[in-house]
Participant: 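A single structure is presented below for examination.
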Amino acid sequence: MLDIKFIMENSEIVKAACKNKNEQDNVDKIIDLNRMRKIYTAERDELRRQLNEISAEIGEIAKKGGDISSIKVKAKEISEQVKSVEEELSIVEKELDRLVLTVPNIPDSSVPVGFSEDDNKTIRIIGEPQKFDFVPKNHIQLNEKLHLFELERAAKITGSFFPLFTGKGAKLVRSLVNFMLDIHTADGKYYEIFPPFLVNRDSMLGTAQLPKLEEDMYRVEQEDYFLIPTGEVPMTNLYRGEKLSEDDLPIYYCGYSACFRREAGSYGKDTKGLMRLHQFDKVELVKIVHPDNSYDELEGLLHDAEKILDLLGIHYRVRVLCTGDLTFASAKTYDIEIWAPGTEKWLEVSSVSNLTDFQARRMNTRFRSSKDNKLHYVHTLNGSGVAIPRLIISLLETYQNSDGAIEIPEILQDYFGAEKIE
RNA sequence: GGAGGGCUAGUCUAAUUGGUAAGGCAGCGGACUUGAAAUCCGCCGGGUGAUAAGCCCUUCGGGGUUCGAAUCCCCGGCCCUCCGCCA
């Protein structure tokens with residue numbers, strides 16, 4: 001959510017952001033409604049002032065035992081006027097609140113303008129594609145022999161695109177979770193969180209999955225709870241509605257969570273194997289920081305996510321997303337994509353974003369600045385470190401041998417308890 | 001699921017049974033001091049003003065009664081205790 005004052009004073013910038021992000025532009029409506037809101041508010045305040053005055057008078061007279069019947073008639077009249085103005089005001093405010101939630105965050109000036117993922121820019125490529133002296137298999141072909149996951153049986157239990165890892169596959173997932181958490185929490189850099197996987201509606205509004213993406217979320221109707229689409233939601237909402245001390249910042253969290261996405265509208269895209277799932281595991285990184293250095297924190301977060309891939313020896317590239325591919329709440333996002341040599345595709349395993357004060361304003365998370373002793377919104381950032389099923393695709397395809405066995409990267413061997421899967 | 005208790009500003013804690021939110025602590029600024037502690041003065045929920053005055057809002061959220069609600073009524077949320085059920 002943007003500051004309504006900012007929208008009023010920078011309407012052209014906000015309109016440009018709507019256009020560049022392919023979001024609907026409600027700016028003019030918002031400006032009109034806000035003007036009406038100010039008029040009604042002024043009217044309400046004046047009436048209320050009169051009412052407060054006359055009520056105090058009634059109190060005085062009553063205390064002295066005087067007659068208050070005639071003055072009460074007048075007070076009643078004003079009271080009713082207040083009510084009628086408030087009714088008008090609340091209609092305006094409701095609509096205004098609804099529309100303000102539809103305005104996207106403003107992209108940072110360093111973000112390239114563009115309309116689709118084709119306009120994203122690769123800023124670095126790390127490592128080389130694995131070379132094979134045989135034709136590499138994709139992870140589905142490899143799995144025929146290895147039995148690391150069973151998608152048909154999973155579909156029987158739940159439905160298609162829910163994974164079921166078995167045997168060494170299940171252990172691989174577990175060892176990756178432990179490995180990544182250990183790396184991120186080393187030296188106490190990130191504080192480990194194990195969050196709830198169900199959150200309430202306020203949390204979903206706070207991180208801006210709602211109202212826009214309700215169709216993509218699994219919802220528990222009885223309680224109006226939502227299955228989290230990412231650990232970002234519970235972890236960023238930890239301080240919703242709270243006032244922090246400046247000394248509390250920066251806050252670094254990492255945590256494992258399962259993630260649930262309906263992926264409505266994406267059927268037919270990347271439907272093979274573990275490419276796109278309704279449920280997947282992920283280690284998430286979240287930062288709550290001082291607004292002065294959130295872009296430095298973004299670079300740091302990106303490197304922390306990349307570190308996992310460096311250590312595993314995975315070939316990857318980092319892309320900066322163009323305005324059109326940026327999510328609603330993000331001011332700047334880097335995608336990390338890893339190479340899957342059997343599938344011959346780049347797979348997104350992490351989106352690292354600076355949400356600036358956009359989520360903080362929705363969540364009402366502020367800190368008291370020592371400079372002016374006033375409350376300011378924090379900046380929030382998040383990124384995966386990293387998503388597991390796609391990482392498994394790349395690991396299997398990268399480290400396969402001609403006989404279909406998989407070499408486990410050295411750093412993972414202690415966690416996995418073996419040097420090979422065969 | 002049942003019974004009871006509770007929710008007031010960063011935190012703790014009041015408000016004459018309906019009269020318009022009082023204080024303590026912490027924090028910030030200043031005075032005193034060689035320095036610190038103690039003490040004293042000021043600031044210390046939000047909005048709009050200009051860091052003014054003034055005004056308005058704010059007692060978990062939403063409704064209602066009333067001239068006037070922290071207080072009374074209704075609906076909902078969360079926390080605590082006990083009972084029941086349960087991995």
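FYI, side chains are in, hydrogens and waters are out, and symmetry mates aren't considered; it's all heavy atoms of this structure. Numbers restart at 1 for each chain; the letters A, B, ... are given by sequence-line order, proteins then strands.
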Participant: Do we see a donor-acceptor contact under 3.5 Å between the side chains of A:D182 and A:Y415?
Facilitator: yes

Participant: Run through RNA chain B and report every stem of 3 or more consecutive Watson-Crick or G-U pairs, distances under 3.5 Å, ordered by first number.
Facilitator: B:1-7 with B:77-83, B:10-12 with B:23-25, B:27-31 with B:39-43, B:45-48 with B:54-57, B:60-64 with B:72-76

Participant: Measure the distance from OH on A:Y239 to P on B:G10 and round it to the nearest whole Å.
Facilitator: 16 Å

Participant: Between B:U11 atom C1' and A:D248 atom CG, what is the distance in whole Å?
Facilitator: 14 Å

Participant: May I ask you to say what A:Y225 touches in the nucleic acid, namely base, sugar-phosphate or nothing, with a heavy-atom cut-off under 4.0 Å?
Facilitator: sugar-phosphate

Participant: In whole Å, measure the gap between the C1' atoms of B:U48 and B:U58 for me.
Facilitator: 15 Å

Participant: Is the base of B:U65 syn or anti, if syn means a glycosidic angle within 90° of 0?
Facilitator: anti

Participant: Using the C1' atoms only, state how far B:G24 lies from B:A14, rounded to an integer number of Å.
Facilitator: 10 Å

Participant: In whole Å, I'd like the distance from the CG atom of A:N364 to the C1' atom of B:G47.
Facilitator: 13 Å

Participant: If I take atom OG1 from residue A:T323 and atom CG from residue A:D119, how far apart are they, to the nearest 0.5 angstrom?
Facilitator: 8.0 Å

Participant: Given side-chain contact (heavy atoms from CB on, under 4.5 Å), test A:K38 with A:T41 step by step and report yes or no.
Facilitator: CA-CA 5 Å; A:K38 282 198 163 177; A:T41 304; 5.6 Å; no

Participant: Listed by chain and number, what are the side-chain hydrogen bond (donor to acceptor under 3.5 Å, both in side chains) partners of A:S353, not counting sequence neighbours?
Facilitator: A:T333

Participant: Between A:Y252 and A:E297, is any side-chain donor less than 3.5 angstrom from a side-chain acceptor?
Facilitator: yes

Participant: Could you work out the separation of B:C73 and B:G18 based on their C1' atoms and round it to a whole Å?
Facilitator: 13 Å

Participant: Looking only at atom C1', what distance separates B:C74 and B:U66, rounded to whole Å?
Facilitator: 16 Å

Participant: Is the distance between the ring centroids of A:F328 and A:F358 less than 6.0 Å?
Facilitator: yes

Participant: For B:G63 and B:C12, measure between their P atoms and round to the nearest Å.
Facilitator: 27 Å

Participant: Whole-Å distance between B:G10 P and A:R366 CZ?
Facilitator: 8 Å

Participant: How far apart are the C-alpha atoms of A:K83 and A:E80, what are their side-chain angles, what is the distance that settles it, and do they pass the salt bridge (Lys or Arg N to Asp or Glu O under 4.0 Å) test?
Facilitator: CA-CA 5 Å; A:K83 251 172 224 164; A:E80 250 140 44; 5.8 Å; no

Participant: Ring-plane angle category for A:Y218 and A:F162, please: parallel below 30°, perpendicular beyond 60°, tilted otherwise.
Facilitator: tilted

Participant: Does B:G49 sit syn or anti, given that only angles within 90° of 0 count as syn?
Facilitator: syn

Participant: Pick the P atom in B:C86 and in B:G4, then give their distance to the nearest Å.
Facilitator: 24 Å

Participant: Sticking with atom P, work out how far B:A15 lies from B:C7, rounded to a whole angstrom.
Facilitator: 12 Å

Participant: Quickly work out the A:K243 NZ to B:A9 C1' distance and round it to whole Å.
Facilitator: 7 Å

Participant: Measure CD1/A:I4 against P/B:G47 and give the value in whole Å, please.
Facilitator: 15 Å

Participant: Encode nucleotides 49-75 of chain B as B, S and - characters from 5' to 3', where the letter depends on protein heavy atoms closer than 4.0 Å: B to the base, S only to sugar-phosphate, - to neither.
Facilitator: ------SSS---------BS-------

Participant: Pick out which of A:L227, A:I228, A:T207 makes a side chain to side chain contact (heavy atoms under 4.5 Å, CB included) with A:V199.
Facilitator: A:I228

Participant: Grab the CD-P distance between A:E246 and B:C44 for me, whole Å please.
Facilitator: 19 Å

Participant: Using a cut-off of 6.0 Å, state whether more than 12 heavy atoms not belonging to A:K145 lie near its atom NZ.
Facilitator: yes

Participant: Taking only the P atom of each, what is the distance from B:G49 to B:C43 in whole angstrom?
Facilitator: 23 Å

